[in-house]
A.B. asks: 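Structure below; questions to follow.
Here is the naming used below: chain letters follow the sequence lines, and residue numbers restart at 1 for every chain. Values in this document were obtained by computation on a predicted structure and should not be read as measured data.
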Amino acid sequence: MTISRIALIFLLSFSTVAVAAQPFVYREFDLFEQYEPYVSGDLKLSGSYEYWKDPANLDYRIAGNPDENWKLNWKFMDPPFNQAVHGGHFALDRGEDLFGQLNIKGRFATCLGVKGGGKSTSKLAGLRAGYPRWRDDLKRVAGLEEVIEHCANKQGRVLQSGSYDNSAVSIYLASFSNGMPIAIDVARAGPMKESFERGRKLFHLKAGAFNFACSSCHSHNIGRRLRGNIITTPYGDAAHYPVYKTQYMLQSLHLRFVECNLDTRTQSLLPGSRPYTDLEVFMTALSNGYPVTVPAERDW
Amino acid sequence: MRLGSFFILSIFLAAPAWSVDPPSDASVRGGKTMEPKIIVNSGRLEWVPHKRELGAWPTLSYQDRRATPEPQRAAMTAPTNGDAARGKSLAWTWCIACHTLPGDEWPGTVGSPMWHYKQYNHADALVYQQIFDPRVFNPHTVMPAYGTFGLLADQDIRDLVAYLQSIE
């Protein structure tokens, strides 16, 4: 059976150690694509980058055409193109309050990774653009929301990853990086690169009742229609999270993964889980070079 | 009749979704698939039961050691005996996201359009296999394997075959 041979080759070439240690389990992978850990890599995947690379100068004619607007990768719902006041702005205010409470002594900022810590918010610039990152204290790669939860916890506050308050703090922190390009290094050998590679593999791993991988749609069917929805590229998708969904909720990237899984009839995982963090690293690397843009809205 | 379907339903509901312990990082509580609810101005997520039980199929968890159901050949016995009207309503539920069906204003374009499907003169058994498990023809297909993954029953697939073969 050809397909088991294909899966076997994948397992042999990508995780020889795992095969040696554990009995073979038949899992399927979608065809692997090459990705560049930089946002312009989309030019080799969907080419739509051409239309959304400059968030301040989107073509409003494309934005107004429902058959074409997928080419803008929904960036017309980001600031500065989208000037509407929405729930993301309220979350930003809430995040400012919470941050003020948590950072009275400046220790919250230190814990988040601000050099020298302290109470000055000017040092928060660039913080969001450098997450996920390796954390010595956690001994693993972690996203900003996981670290917010961890650092709040040290002060006896519960801010679960994915909760409204956690995402509110995350948006507030991200607002100091607005306009700054995402910059995580997944090229240098080390835990970030390993996480990126695991995320890339997971992106192609088929799962759930429909046996879909992320890439089934987002690499191999970009621009095609799933009824009313047109499928977009995975590049440049991590720069606007946490996002305000027009179905009235604030959503972190990991909660988006939960929604993706459930929508495709796959048992979802918990926010902060290792696979979701690896996918976050993968997707953030595909946004490298693209400016942080919060607070943004999305329909999907 | 009512009792009969109730009986079948209760077997289905009683069947354990998890043949093994769920991975500790899956959103499962008491064997049930849970979904998050975001509470405004709260530091906690609330987890509520999801509308579907999804525990029967492999996840993205590294702890999940269950296998993907392998591609399966299905030998359909003749006659097809399908109900095209029922097949149409099944198609509007299960297939329309990807395939364009006559009468739809939001055509899916991931799969091939089903207009004039009758003209291809495909053998019923071939169409049945494509729905039961298309991986037999194309190992990299995105189309779900409705039979192998237990999504549709034999009669459902026969009805779908009858519907597709009837599209002028």
A.B. asks: Does the side-chain contact (heavy atoms from CB on, under 4.5 Å) test come out yes or no for E35(B) and E259(A), once each step is laid out?
C.D. replies: CA-CA 9 Å; E35(B) 68 175 40; E259(A) 191 184 345; over 6 Å; no
A.B. asks: Quick check for you: among V142(B), L151(B), N41(B), which has the greatest number of heavy-atom pairs under 4.5 Å with chain A?
C.D. replies: N41(B)
A.B. asks: First locate atom CG of L269(A), then atom CD of Q63(B), and finally report the distance between them rounded to the nearest 0.5 Å.
C.D. replies: 9.0 Å
A.B. asks: Looking at OG1 of T109(B) and CG of N221(A), how far apart are the two atoms once the value is rounded to the nearest 0.5 Å?
C.D. replies: 8.0 Å
A.B. asks: Quick one: what part of R198(A) sits under 4.5 Å from any heavy atom of chain B, side chain, backbone, both or neither?
C.D. replies: both
A.B. asks: Does any non-hydrogen side-chain atom of Q267(A) lie less than 4.5 Å from one of E53(B)?
C.D. replies: no
A.B. asks: Where does F210(A) contact chain B at under 4.5 Å (heavy atoms): side chain, backbone, both or neither?
C.D. replies: both
A.B. asks: Which residue in the set L255(A), N166(A), V258(A), L270(A) passes side-chain contact (heavy atoms from CB on, under 4.5 Å) when paired with L45(B)?
C.D. replies: L255(A)
A.B. asks: Considering only heavy atoms, which portion of I230(A) lies under 4.5 Å from any heavy atom of chain B: side chain, backbone, both, or neither?
C.D. replies: neither
A.B. asks: Got more than 12 heavy atoms from elsewhere within 6.0 Å of CD, Q34(A)?
C.D. replies: no
A.B. asks: Report the distance from atom OH of Y26(A) to atom OG1 of T68(B), rounding to the nearest 0.5 Å.
C.D. replies: 6.5 Å
A.B. asks: For a quick check under 3.5 Å, do S27(B) and S268(A) share a side-chain donor-acceptor pair by atom type?
C.D. replies: yes
A.B. asks: Check each atom of P69(B) against the heavy atoms of chain A and say whether the ones under 4.5 Å are side chain, backbone, both or neither.
C.D. replies: backbone
A.B. asks: Taking every non-hydrogen pair under 4.5 Å, which of S42(B), S61(B), P23(B), P22(B) racks up the most with chain A?
C.D. replies: S42(B)
A.B. asks: Start with the C-alpha gap between V110(B) and R225(A), add the side-chain angles, then the distance that decides, and say whether side-chain contact (heavy atoms from CB on, under 4.5 Å) holds.
C.D. replies: CA-CA 6 Å; V110(B) 170; R225(A) 280 173 185 276; over 6 Å; no
A.B. asks: Measuring from L262(A):CG to M34(B):CE, what's the distance to the nearest 0.5 Å?
C.D. replies: 11.5 Å
A.B. asks: Please classify the contact of L98(A) with chain B as side chain, backbone, both or neither, using a heavy-atom distance under 4.5 Å.
C.D. replies: neither
A.B. asks: Output, in order, the C-alpha distance, side-chain angles, deciding distance and verdict of side-chain hydrogen bond (donor to acceptor under 3.5 Å, both in side chains) for D278(A) and Y62(B).
C.D. replies: CA-CA 11 Å; D278(A) 291 336; Y62(B) 296 132; 2.6 Å; yes
A.B. asks: Looking only at heavy atoms, which two atoms of T266(A) and P58(B) are closest? And how far apart?
C.D. replies: CG2-O, 4.1 Å
A.B. asks: Please look at L60(B) and chain A and tell me whether the side chain, the backbone, both or neither of the residue comes under 4.5 angstrom of a heavy atom of that chain.
C.D. replies: both
A.B. asks: Quick one: of P107(B), S24(B), G111(B), who has the most non-hydrogen atom pairs under 4.5 Å with chain A?
C.D. replies: P107(B)
A.B. asks: Contact part of S161(A) toward chain B, heavy-atom cut-off under 4.5 Å: side chain, backbone, both or neither?
C.D. replies: backbone
A.B. asks: Heavy atoms only, distances under 4.5 angstrom: which of V28(B), T33(B), D64(B) has the most pairs with chain A? Name it, please.
C.D. replies: T33(B)
A.B. asks: Would you give the length of the straight line joining atom CE of M249(A) to atom NZ of K37(B), rounded to the nearest 0.5 angstrom?
C.D. replies: 12.0 Å
A.B. asks: Which atom names give the shortest non-hydrogen contact between G162(A) and I38(B), and what distance separates them?
C.D. replies: O-CG1, 4.1 Å
A.B. asks: Should we say atom CH2 of W92(B) is surrounded by more than 12 heavy atoms from elsewhere, each under 6.0 Å from it?
C.D. replies: yes
A.B. asks: Can you tell me if CG on D299(A) sees more than 12 non-hydrogen neighbours from other groups inside 6.0 Å?
C.D. replies: yes
A.B. asks: So does D165(A) pair up with R44(B), basic N to acidic O under 4.0 Å?
C.D. replies: no
A.B. asks: Counting heavy-atom pairs under 4.5 Å with chain B, which one of G228(A), G208(A), G87(A), P271(A) comes out on top?
C.D. replies: G208(A)
A.B. asks: Non-hydrogen atoms of chain A under 4.5 Å away: do they reach the side chain of T141(B), the backbone, both or neither?
C.D. replies: backbone
A.B. asks: Check this for me: K88(B), atom NZ, are more than 12 non-hydrogen atoms of other residues, nucleotides or ligands nearer than 6.0 Å?
C.D. replies: no
A.B. asks: Select one option (side chain, backbone, both, neither) describing which atoms of A209(A) are under 4.5 Å from chain B's heavy atoms.
C.D. replies: both
A.B. asks: Can you tell me how far the NE2 atom of H140(B) sits from the CG atom of D30(A), to the nearest 0.5 Å?
C.D. replies: 8.0 Å
A.B. asks: Counting heavy-atom pairs closer than 4.5 Å to chain B, which one of R224(A), Q251(A), Q160(A) comes out on top?
C.D. replies: Q160(A)
A.B. asks: Quick one: does R27(A)'s side chain have a donor or acceptor within less than 3.5 Å of a partner on R65(B)'s backbone?
C.D. replies: no
A.B. asks: Below 4.5 Å from any heavy atom of chain B, which atoms of R94(A) appear? Answer side chain, backbone, both or neither.
C.D. replies: side chain
A.B. asks: Could you check whether any side-chain heavy atom of N211(A) comes within less than 4.5 Å of a side-chain heavy atom of F149(B), counting everything from C-beta outward?
C.D. replies: yes
